[in-house]
Structures are given as C-alpha cells and as structure tokens.
Amino acid sequence: MQKLKGFRDFFPEEMAERTHVFDAMRRVAKRYGFVEYDGPPLESLELYRKKSGDEIVAQLYTFKDKGGRDVALRPEMTPTLARMVATRANSLQKPIRWFSIPQLFRYERNQRGRLREHFQLNVDIIGAREVEADAELLAIGLDVQRELGLTKEDVVARVNDRRIVSGALGLLEVSEESIAATYTAIDKFRKVPDETFTELLSDAGVSDDAIEEIRKLCAGSVSVFEWFAPRLDDVDEPTRKAVADLETYLARMTEAGFEDFVEVDFSIVRGLAYYTGIVFELYDRKGKERAICGGGRYDDLVQSLGGPDLSALGFGMGDVVLSLMLRDRGLMPKAPPRSDVVVIPVGAELAVIARLITTELRRAGKRAETPYSPAGVGKDLKATGQRGIPYAVIVGPEEWAAHEVNLKDLRTGKQSRVAIDALAAEIKT
RNA sequence: GUGGGCGUAGCUCAAUGGUAGAGCACCGGGUUGUGGUCCCGGGGGUUGUGGGUUCGAGCCCCAUCGCCCACCCCA
C-alpha cells in the first residue's frame, strides 16, 4: 500500500515542521486580534460552481455521497467563509477579522510547491473599506515571515491595485474585448521572454504604443505614481482614489516597519477572478519558487454569493512553498520535541521507584519517561543520549537510601547528586 | 491534459547480460552503577509492477504504475 499521489505523510520530523509553521501563523494572527474559525472540509459542489471559475471546478475533488448529493473537498476557504459570514452577517460585529488554517484539496497533477493537498493560512477582514485594513492584512502576512526567521533579504511583497491597472488600460484605450487577455499577459510579464509578452498583447489587439507603456509600467522603469501624475486630470474618480490609496497604503506599511519588504509592481494582478482593489503576492527574493502568499481586496464577492453588501479582503498562504523556503534557509526544527528527562533505575528492584519519580516529575510539568524494561544503566543512558534528551536521572540504591538521585546533564556529561524534593526544579527546560 | 528525467534495503548509492552489494539507520551482543567515538553479529529486497528477447535480465525491448521537473492553469 502506498499513499495517494500528491498527498503527504507527516512522520514526526515533518509534523514538527508543520507544527512550527502553524504555531507561528497562529501567534501572529492572534497578535493582531484576529480570531480562529473553521468550516467543513467537505462542501456542496454547488458552493464552488457559483463562485469559482470553470478551471477551478475542473480541478475539484468531487464525488456523489451515499445520498446522491454532489460534494467536493474544499479547494479554497473563501466560499466557506462567505457562506458562514452571510449566515450571521447581521449579528457579527464589523469589521470581522478571522483566520483559519484549513487543509485544501485540488485534483491536479503535482509539481514543485504544488500538491493535491496543502494547508493554507487564510486571513480575512470583512466589513472594512479603509485602506488601513489592506495595510494591516499585508502586515500580518509579512509578520508571519518575520516570525519564522525570514527577513527583507529573503522575502519581497509585490503590491498593486486592480483599479490602477484598469485605469491605465483605459487611458491606453485598450478595448473591452482585449481586457481579459491583457490581464493574462501582464500576469505573465515576469515569466515569459520579452518577445512573447509583446506577442501576447499584440494578439490581444493592444496598440504598439500601449504595449510600450504597459511594458514600462511592468518593468518598473517608471513608477505608477510618476506615470499617472501628468494624467490625473484624464482619469475617472475611482482611478484617482486608487492612486491616492496606494500612496496611503505604502505610508502605512512604512509606519508598521515593513517598508523594506514592499515594492509596487504593476505586473501583479492575481489571476482574473474576483479582486477589486489592492492586491499583493509574497515571493522568495532568491529562489524561483512560486508565490508564498497572495491576496487582496474582493469587495463584491460576499454579495455575489447571495450575502449582504460587505467589503472584504484576505490572503492565502500555503504551507508547501513556505516550508521549502524555510528548509532552504535552515529555519526548520530538525527533530520533534522529546522528553526532558529519562529516569533510569540501577537494578530491577528500583524500577518501581523510577516509575514513582517519573510520575512526580510529570506532575511538576516535566516531560518525563522511564524504560518499560530497564536494560542497564549503560544501555539506557546510551539510548537516552542518542535521542537528544538533555537529562537522565539515575536512581541507585545508595543514593536512594538518602532520598537522593543522580541528575546527569547529557549535553555536558556533568552529574550531581540532588535531593529528591529538589529534582524537578533542577531540570531546566 | 502535454513533454522530459528517474525508479535497486528505511535513506544515499554500487553491481561488462553471468550467485544482488556497501555506507548510514535499525535490532542484538562486547558492558546487569554511567552514553555519544570503538569492536562483533543480525534482520531486512519478489531490483516499482506485468509481459517480451535470451541458455541466462537489476541491466536490452514494450506496457503500466509511482516520483521529480517543466508546460497549461492557479484558489
């Protein structure tokens, strides 16, 4: 028997890594006052038909349950969140600031950084139109990186605004029919050769002059602020607001101490789906990995799913790419946490004493164990040391007669006699 | 869905078409009051699977499954 393609076993070593990452995610999200929620891993297929594109639905894990209902393993958390929020929209105090670490599934051929199953930190804010919310959202994403030991040398946040792209394309007179293909081309700017980029836009029906302007914006040879400055009188109100919002956004990121992580990047448009405002993606500065994290504002989604008109924004941060990066940087724990101490009896008649001492140590909050069948001090000590356990308590008849034991620090090799009552306090963890 | 690379012990890898091996790991012993280095021994494999060629296949051929990489797409 082998595991299914694209699924993972978590042996204790991998589980230690997973726990390490999840713990960091939870600590950070809670630090910003967000609360954790979860939903069912299995949902009605209908939930995804409504919101997600054909491509997503084609890659769902679906089946008919025994009642004949079409069901799907959740491929993303947002529809579940939207459904949950819609259910209690009127009674939930706004803004709603929730996070979750769901396991998500997709039926698709796997490749580097992409499996059929993964965990994804989802952080969402619902009912906040202020750009301060956008800034806080990105700050959480970046703070998770920092919490795990990654720095501005490792991670870059590329940020953009869908309204700005839309406004720019309007000024460049890109036609309605060309918009979708133009977004796709912009999204590919950093992944395809220059000629291909030109070809994609040209095929979409974009003029040569417009292609040149789009290229300059994507490449960053002109900042979006410089580009829009002489044109602000020609654009509509939403675009003017978007440019102003982006400036405020950057100011807020600077206030929060993240300015070195953030770069405006016109080529970040986040697929075609449902984003309506500021969007961002987190990348490894060195590697060629896919995005660590992506998100942004999706103000129309809750309503489009039949809920009330609530603005919303959020991101998803998968565990697979992030873990690849942490392993690459040596920032993952090498071994699962073990006991603090093993209590080793000298001779079989002291095994009962060793068990009693072990019980007392556990009551004192120490992670303690004693061998089921003591094999001799030498063997038990060897096994304990090999497992990386820092302390051994050796219970010998002479010492025990004085209500004392030997406490050995396996890391230094130093050993001392300790009164039984003082033992727990001597084991530093 | 398309293309490419790779499948030998738990892991890393050997083995002209001629008896399947090593290191690490694991288990036991040397050593029933003191570990990590050391010495000795042991379990482990239908060489991913199924066919074919051959006197003989881990090796050659075909198929299939799995893993990896890229493409497509991206929540």
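All chains are named by letter (A, B, ...) in the order of the sequence lines, taking the proteins before the strands, and each is independently numbered beginning at 1.
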[atom1] atoms of [N] and [M], separation to the nearest Å:
N	M	atom1	value
U47(B)	C6(B)	C1'	14 Å
C61(B)	G7(B)	P	13 Å
G44(B)	C27(B)	C1'	11 Å
A9(B)	G50(B)	C1'	23 Å
U37(B)	A25(B)	P	8 Å
G18(B)	C59(B)	P	11 Å
A20(B)	U16(B)	P	14 Å
U54(B)	G58(B)	C1'	15 Å

Ile427(A) backbone acceptor or donor facing Lys366(A) side chain under 3.5 Å: yes

Donor-acceptor pair, side chain of Ser202(A) and main chain of Glu199(A), under 3.5 angstrom: no

What is the nucleic acid contact for [X], judged by heavy atoms within less than 4.0 Å: base, sugar-phosphate only, or nothing?
X	answer
Gly295(A)	nothing
Asp380(A)	nothing
Gln120(A)	sugar-phosphate
Gly396(A)	base
Pro397(A)	base

Spacing of [X] atom [atom1] relative to [N] atom [atom2], expressed in whole Å:
X	N	atom1	atom2	answer
Leu60(A)	C73(B)	CG	C1'	14 Å
Tyr274(A)	C74(B)	OH	P	12 Å
Asp187(A)	C74(B)	CG	P	7 Å
Glu349(A)	U32(B)	CD	C1'	10 Å
Arg74(A)	A75(B)	CZ	C1'	13 Å
Leu115(A)	C67(B)	CG	C1'	12 Å
Lys191(A)	A70(B)	NZ	C1'	14 Å
Met317(A)	C74(B)	CE	C1'	17 Å

Which listed nucleotide ([options]) is nearest to the side chain of [X]?
X	options	value
Ile394(A)	A75(B), G33(B), U34(B)	U34(B)
Glu398(A)	C72(B), A75(B), G33(B)	G33(B)
Pro75(A)	G33(B), C72(B), A75(B)	A75(B)

Pair Phe99(A) and Phe34(A), ring centroids less than 6.0 Å apart: no

Exceeds 12 heavy-atom contacts within 6.0 angstrom, atom CG of Asp65(A): yes

Option from Gln120(A), His118(A), Glu117(A) for which side-chain hydrogen bond (donor to acceptor under 3.5 Å, both in side chains) with Gln103(A) holds: Glu117(A)

Donor on one side chain, acceptor on other, Glu17(A) and Ser323(A), under 3.5 Å: no

Between Asp143(A) and Tyr32(A): side-chain donor-acceptor atoms closer than 3.5 Å: yes

For RNA chain B, stems built from three or more consecutive Watson-Crick or G-U wobble pairs below 3.5 Å: B:1-7 with B:65-71, B:10-13 with B:21-24, B:26-30 with B:38-42, B:48-52 with B:60-64

Ring geometry between Tyr37(A) and Trp98(A) (parallel below 30°, tilted from 30 to 60°, perpendicular above 60°): tilted

Geometric cation-pi criterion Arg27(A) and Phe22(A), 6.0 Å radius, 45° cone: no

Stacked cation flag Arg162(A) on Tyr275(A), 6.0 angstrom / 45 deg: no

Identify each atom pair where a protein N or O and an N or O of nucleotides 35-43 of chain B are less than 3.5 Å apart, giving names and distance.
{"residue": "G35(B)", "atom": "N7", "partner": "Lys408(A)", "partner atom": "NZ", "Å": "3.4"}
{"residue": "G35(B)", "atom": "O6", "partner": "Leu410(A)", "partner atom": "O", "Å": "3.1"}
{"residue": "G35(B)", "atom": "N1", "partner": "Leu410(A)", "partner atom": "O", "Å": "2.5"}
{"residue": "G36(B)", "atom": "N1", "partner": "Leu410(A)", "partner atom": "O", "Å": "3.2"}

Salt bridge (Lys or Arg N to Asp or Glu O under 4.0 Å) between Asp265(A) and Arg190(A), intermediate numbers included: CA-CA 11 Å; Asp265(A) 186 331; Arg190(A) 291 183 190 285; 2.8 Å; yes

